[in-house]
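Structure record follows, encoded as structure tokens.
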There are 2 protein chains.
Amino acid sequence: MSRRSGVLEFAVLGLLRESPMHGYELRKRLNTSLGVFRAFSYGSLYPCLKTLVQQGWLAEETGHSPDDPRATPLSNRRAKIVYRLTADGKERFEELLGQTGPDAWEDEHFGVRFAFFGQTSRDVRMRVLEGRRSRLEERLAKMRASMARTREKLDAYTLELQRHGMESVEREVRWLNELIESEREGRPHRASPQDRGPGEPDGIQGRHRAGSSEDDTTT
Amino acid sequence: MSRRSGVLEFAVLGLLRESPMHGYELRKRLNTSLGVFRAFSYGSLYPCLKTLVQQGWLAEETGHSPDDPRATPLSNRRAKIVYRLTADGKERFEELLGQTGPDAWEDEHFGVRFAFFGQTSRDVRMRVLEGRRSRLEERLAKMRASMARTREKLDAYTLELQRHGMESVEREVRWLNELIESEREGRPHRASPQDRGPGEPDGIQGRHRAGSSEDDTTT
DNA sequence: GTTAGCATGTAAGGAGTTACATGATTTT
DNA sequence: AAAATCATGTAACTCCTTACATGCTAAC
């Protein structure tokens, strides 16, 4: 049992902390606000909500606000279920927010932790950012060692893949450096929306094949 | 049953195509050559090898070459098992290499597909690269739409996270553009050291040897 | 003579997905 | 009145990890 997954549980508690929501909306928020990195399906969300209710961290409220004209006892019409964070749930979320183990900066967790930095205390933010950075630097060291060993033995594509992978990691390290610097000085990082107008600055265009107009809504 | 995972199966067949290996070495290769993106543990590798043998795609060879003095029936000393690709396995791998469905360019698969581009025909390479690019462009469009909708409502950290995520995707698109351009002109991309001449770019069969030492050994 | 790395496995389980099933409400 | 989207859920399955269990071999 226990759909008490790390990431999903954390994100659900965090989103509900801002305001109560029902499942469907929650899932949309998960897959847009935080969803650049992870996407969740109902098949994981609803069971997760259920166990969070069982833990006492969430409370279900079946629609029926006092000003709802359809709130007769008879019309038990599969009401929307609105989930609200309980006091215990708030406590739990704060406990999770404060954790700074490796769990906080591994690939699966870092994104969602960052997304809730607005609720996170500054020293925890620093520890998470620095933890992430040193994790990435370890990884870079390993990659460099491995490339030194295997260079000349790999074909061009494998090499190019490794080169691009390393550059991605290096880029994230630079990003973290900027963020850490900003935190240190107490200013809010970039903050400039840098309006990308309708100009399409990168030569992005060209619909290629595979054009099926499928959008997210992955059942 | 069936550890016939997409990615792992593909990578194992591809690596064994280059030369026979035993499990331990295979796992190291998986986690260095291709391993910038994925890392596999023995707990998935060995069962996978077993099912690939059952499918007839791999053959096991239990050390014991005729000149091995220890090859007595009594000293059944847990020999190294060397896995070799069978003819059927080679066929299977080529079948997988030729596939160009969405499976080829989604996040989980693209990396490993690229890693074996050296064995892949040029038109398949093009389809995979273009498929990947249009997948990423779809994603960008969604992100832009979502940002236009939610701007001003998100706190600085969530915004920064989305900005960085978008930039990462844009960067990968630029990379793909370069690669596609290179493929079109028939030249090998960035060409780090030792590049092959302008001849047929297929059939790059790098000879690698184990020789290596060290490593992460994430059990 | 003990640590470190080589080598092979298994059982249990975690974290999610897909496909299915159903029905309400809004838009076209 | 059809189509889309909103809304809730379950069962079966996938793919992989962790923790365990074992033993060989080289180096210090």
Side-chain angles (χ1 to χ4, degrees), chain A residues 1-12 21-31 35 37-51 53 60-63 70 75-83 102-103 106-109 112 213-219, chain B residues 1-12 21-31 35 37-53 60-63 70 75-83 102-103 106-109 112 210-219:
Chain A
M1 57 181 56
S2 103
R3 280 311 200 255
R4 297 184 302 98
S5 87
V7 174
L8 187 47
E9 172 191 330
F10 185 81
V12 165
M21 260 177 278
H22 54 264
Y24 191 86
E25 197 185 340
L26 205 42
R27 190 242 182 197
K28 270 204 315 191
R29 295 280 311 272
L30 282 171
N31 293 192
F37 307 94
R38 307 246 308 97
F40 295 99
S41 59
Y42 298 120
S44 44
L45 176 57
Y46 284 114
C48 172
L49 285 169
K50 196 179 275 184
T51 72
V53 169
E60 292 175 324
E61 267 148 32
T62 357
R70 306 183 308 276
S75 71
N76 201 355
R77 28 185 313 144
R78 175 121 86 148
K80 283 208 255 188
I81 299 173
V82 175
Y83 294 91
D103 272 15
E106 288 303 315
D107 291 333
E108 330 83 82
H109 297 83
V112 84
S213 61
E214 169 237 12
D215 66 295
D216 59 334
T217 63
T218 5
T219 327
Chain B
M1 58 183 57
S2 104
R3 278 316 201 251
R4 298 182 303 97
S5 87
V7 173
L8 187 48
E9 172 190 330
F10 185 81
V12 165
M21 259 177 279
H22 55 264
Y24 190 88
E25 197 186 342
L26 205 41
R27 191 243 180 195
K28 271 204 313 192
R29 295 283 310 273
L30 281 172
N31 293 194
F37 307 94
R38 311 265 276 108
F40 296 97
S41 58
Y42 299 121
S44 42
L45 176 58
Y46 283 116
C48 171
L49 286 169
K50 197 180 275 185
T51 73
L52 292 182
V53 168
E60 291 175 323
E61 267 149 32
T62 357
R70 305 184 308 275
S75 72
N76 201 356
R77 31 187 311 148
R78 178 119 86 143
K80 281 209 256 190
I81 299 175
V82 175
Y83 294 91
D103 272 14
E106 288 303 315
D107 291 335
E108 328 84 81
H109 296 84
V112 83
S212 61
S213 53
E214 82 110 342
D215 219 18
D216 56 337
T217 63
T218 358
T219 313

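Each chain gets a letter, A, B and so on, in the order the sequences are listed, and its residues count up from 1. Quick note: numbers below take in every heavy atom, side chains included, and nothing from hydrogens, waters or symmetry partners.
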Reckon [X] has a side-chain N or O less than 4.0 Å from the OP1 or OP2 of [N]?
| X | N | answer |
| --- | --- | --- |
| A/Ser44 | C/dA15 | no |
| A/Lys50 | D/dT10 | yes |
| A/Tyr42 | D/dT8 | no |
| A/Ser41 | C/dT17 | yes |

State, to 0.1 Å, how close [X] and [Y] come at their nearest heavy-atom pair, and which atoms those are.
| X | Y | result |
| --- | --- | --- |
| B/Ala11 | B/Leu30 | CB-CD2, 3.5 Å |
| A/Leu49 | A/Tyr83 | CD1-CE1, 3.6 Å |
| A/Gly6 | A/His109 | CA-NE2, 4.5 Å |
| A/Leu45 | A/Gly23 | CD2-O, 3.3 Å |

* Asked: Considering heavy-atom distances to DNA chain C, does B/Tyr83 or A/Leu45 have its closest nucleotide positioned more toward the 5' end?
  ->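 The residue whose closest nucleotide sits nearer the 5' end is B/Tyr83.
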Q) Taking the side chain of B/Tyr46 as heavy atoms from C-beta outward, which of C/dC6, C/dG16, C/dA7 is closest to it? A)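 That would be C/dA7.
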Would you indicate which nucleotide in C/dG16, D/dG9, D/dC16 comes nearest to any side-chain atom of A/Ile81?
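Of the candidates, D/dG9 comes closest.
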Report the distance from atom [atom1] of [X] to atom [atom2] of [N], rounded to the nearest whole Å.
| X | N | atom1 | atom2 | value |
| --- | --- | --- | --- | --- |
| B/His22 | D/dT25 | NE2 | P | 13 Å |
| B/Tyr24 | D/dT22 | OH | C1' | 15 Å |
| B/Lys80 | C/dG9 | NZ | P | 13 Å |
| A/Glu108 | D/dT17 | CD | P | 10 Å |
| B/Phe40 | D/dT18 | CZ | C1' | 16 Å |

